[in-house]
Amino acid sequence: MIHSINGKTKVLAVIGNPIEHSLSPQIHNTLCKELGLNYVYVPFKVETAFLEEAVKGFKAAGMLGFNVTIPHKQNIMPYLDEITPEAELMEAVNTVKISEGRLIGYNTDGIGFIRSLKANDVDVKEKKVVIIGAGGASRGIAVKMALEGAAEIIILNRTLEKAQEISHVINSKIKKIAKADHMNQEILFHYANNCDIFINTTPIGMYPHENDCPIEDMNFLTENTVVCDLIYNPKKTVFLKKAEEKGCKIINGWGMLLYQAIEAFEIWTGITVNKGIIDLLYNIN
Ligand code: ATR
């Protein structure tokens, strides 16, 4: 038992499928404990067919809010009363706040990534960014970096259409700064050898395939590029190891996971989580 539960305990949750391996309960229950809040955060495995009923149940039960993960980040949108413009652009909701009976959808993945860059003294303003992969995570961070003032965002992906979809959203709804292209060695050299921030959003190199790397030859990198991987298991992927060998500053995905959780917690509670607690959370993994 993380902390005692009584008649006044308020409930937070995460819904997804599968959900067994989620680290969110550990992060949020540590936050509740450290802040002395009588809240508990629990995982719910919800089948897509029962998503609407689950959401109605959460509201009926007077819950404060919940996180949403795979495969429900898009499916949930029709069941909400309000969605932030940012989550609309990202076409995904990972956090719902229940306020006066209204369900409000947010997306904290993009801001989570920005806060993890900031924690490493990296600012995105006026920067040239290259992203490989064009799934949901790529879209969230690409949109947020465009909103935060990146100078240029290049999305490279095996399936060109998916990269084009993200660049189109950015160019038509935010600013004309995005480009999409195929992901191959020649194109990578062209775009990434002088970029400021280079990010892997593909799952290549993730446990249990930790010997894999999305890019064979990373010699195009110079030490002026900050290299990020959204993967946090292993802590240092082959992608990050190769970048480190080139003298680049490297950032793994643990900070993004933590800060998207902290941001969600701050939305639900109105509390600003202090640095001492953030440092403690950094080390629970
Ligand atoms: P998420 O939504 O969590 O970001 P995802 O939807 O699985 O994850 O997206 C992962 C991205 O990694 C996709 O853009 C995918 O490329 P495709 O759009 O061509 O499917 C990319 N990806 C996954 N495995 C890959 C591989 N073996 N080689 C190249 N790209 C890969």
Side-chain angles (χ1 to χ4, degrees), residues 1-16 18-46 54-55 57-59 61-70 72-73 76 80 84 86-87 90 92-100 102-120 137 140-141 144 230-233 235 251-285:
M1 186 48 97
I2 293 160
H3 45 272
S4 61
I5 291 176
N6 56 31
K8 291 180 183 159
T9 302
K10 292 195 163 59
V11 182
L12 294 163
V14 56
I15 53 171
I19 201 66
E20 293 80 3
H21 300 290
S22 172
L23 295 174
S24 295
Q26 202 184 341
I27 296 172
H28 284 281
N29 284 311
T30 302
L31 281 168
C32 297
K33 184 175 161 218
E34 291 299 319
L35 289 162
L37 299 174
N38 189 0
Y39 298 166
V40 64
Y41 183 104
V42 288
F44 288 109
K45 178 176 167 178
V46 175
V55 170
F58 288 167
K59 182 170 148 178
M63 279 173 47
L64 279 181
F66 54 95
N67 282 129
V68 185
T69 189
I70 292 164
H72 302 318
K73 286 185 180 189
I76 194 147
L80 304 178
T84 64
E86 205 169 293
M90 294 170 183
V93 161
N94 78 331
T95 300
V96 177
K97 179 177 178 158
I98 306 175
S99 178
E100 292 166 5
R102 283 173 62 76
L103 296 155
I104 308 164
Y106 300 80
N107 191 313
T108 66
D109 287 333
I111 184 69
F113 181 70
I114 299 287
R115 285 181 69 171
S116 108
L117 289 182
K118 282 200 180 131
N120 285 280
I141 64 173
K144 188 63 183 174
L230 300 194
I231 296 170
Y232 52 84
N233 183 14
K235 285 182 183 164
I251 301 174
N252 73 14
W254 180 240
M256 175 175 167
L257 182 80
L258 263 190
Y259 280 108
Q260 64 75 29
I262 289 168
E263 190 75 24
F265 196 85
E266 291 177 342
I267 288 169
W268 294 322
T269 64
I271 292 169
T272 302
V273 178
N274 66 52
K275 184 156 183 321
I277 295 177
I278 295 175
D279 289 345
L280 179 103
L281 286 169
Y282 247 102
N283 297 317
I284 65 170
N285 180 28

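All residue numbers refer to positions in the sequence shown, counting from 1.
For Tyr41 and Phe265, the distance between ring centers is not under 6.0 angstrom.
The environment of NZ in Lys97 is crowded: more than 12 heavy-atom neighbours from other residues, nucleotides or ligands sit within 6.0 Å. Within 6.0 Å of atom CD1 in Ile284, more than 12 heavy atoms from other residues, nucleotides or ligands are found, so the atom counts as buried in its surroundings.
Of all heavy-atom pairs spanning Ile19 and Pro43, the tightest one is CG1-CB, 4.0 Å. Considering every non-hydrogen atom in both Val93 and Gly105, the closest pair reads CG1-CA, 3.9 Å. The minimum heavy-atom distance between Met256 and Ser116, with the atom names listed, is N-CB, 3.5 Å. Annotation for Asn38 and Ser4: closest pair OD1-O, 3.9 Å, computed over non-hydrogen atoms. Across all non-hydrogen atoms, the minimal contact from Gly16 to Thr69 is CA-CG2, 3.8 Å. Across every non-hydrogen atom of Tyr106 and Thr84, the tightest pair is CD2-CG2, 3.5 Å.
Not counting sequence neighbours, the partners of Tyr232 by the ring pair (Phe, Tyr, Trp, His ring centres under 6.0 Å) test are Trp254.
By the 4.0 Å N-to-carboxylate-O rule, Glu266 lies close enough to Arg115 to be salt-bridged with it.
When each of Asn67, Asp109, Asn107 is checked for a side chain to side chain donor-acceptor pair (under 3.5 Å) with Lys73, only Asp109 meets the rule.
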Q | Full working for side chain to side chain contact (heavy atoms under 4.5 Å, CB included) between Leu37 and Ile271 | A | CA-CA 11 Å; Leu37 299 174; Ile271 292 169; 3.7 Å; yes
(Q) Assess the residue pair Phe44 and Phe58 against the criterion (ring-ring contact (aromatic ring centres under 6.0 Å, His included)); give the C-alpha distance rounded to whole Å, side-chain angles, the decisive distance to 0.1 Å, and a yes or no. (A) CA-CA 11 Å; Phe44 288 109; Phe58 288 167; 5.4 Å; yes
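Counting only heavy atoms from C-beta outward, the side chains of Val40 and Asn29 approach each other to under 4.5 Å.
With hydrogens and angles ignored, the 3.5 Å screen pairs a side-chain donor or acceptor of His72 with a backbone N or O of Val46.
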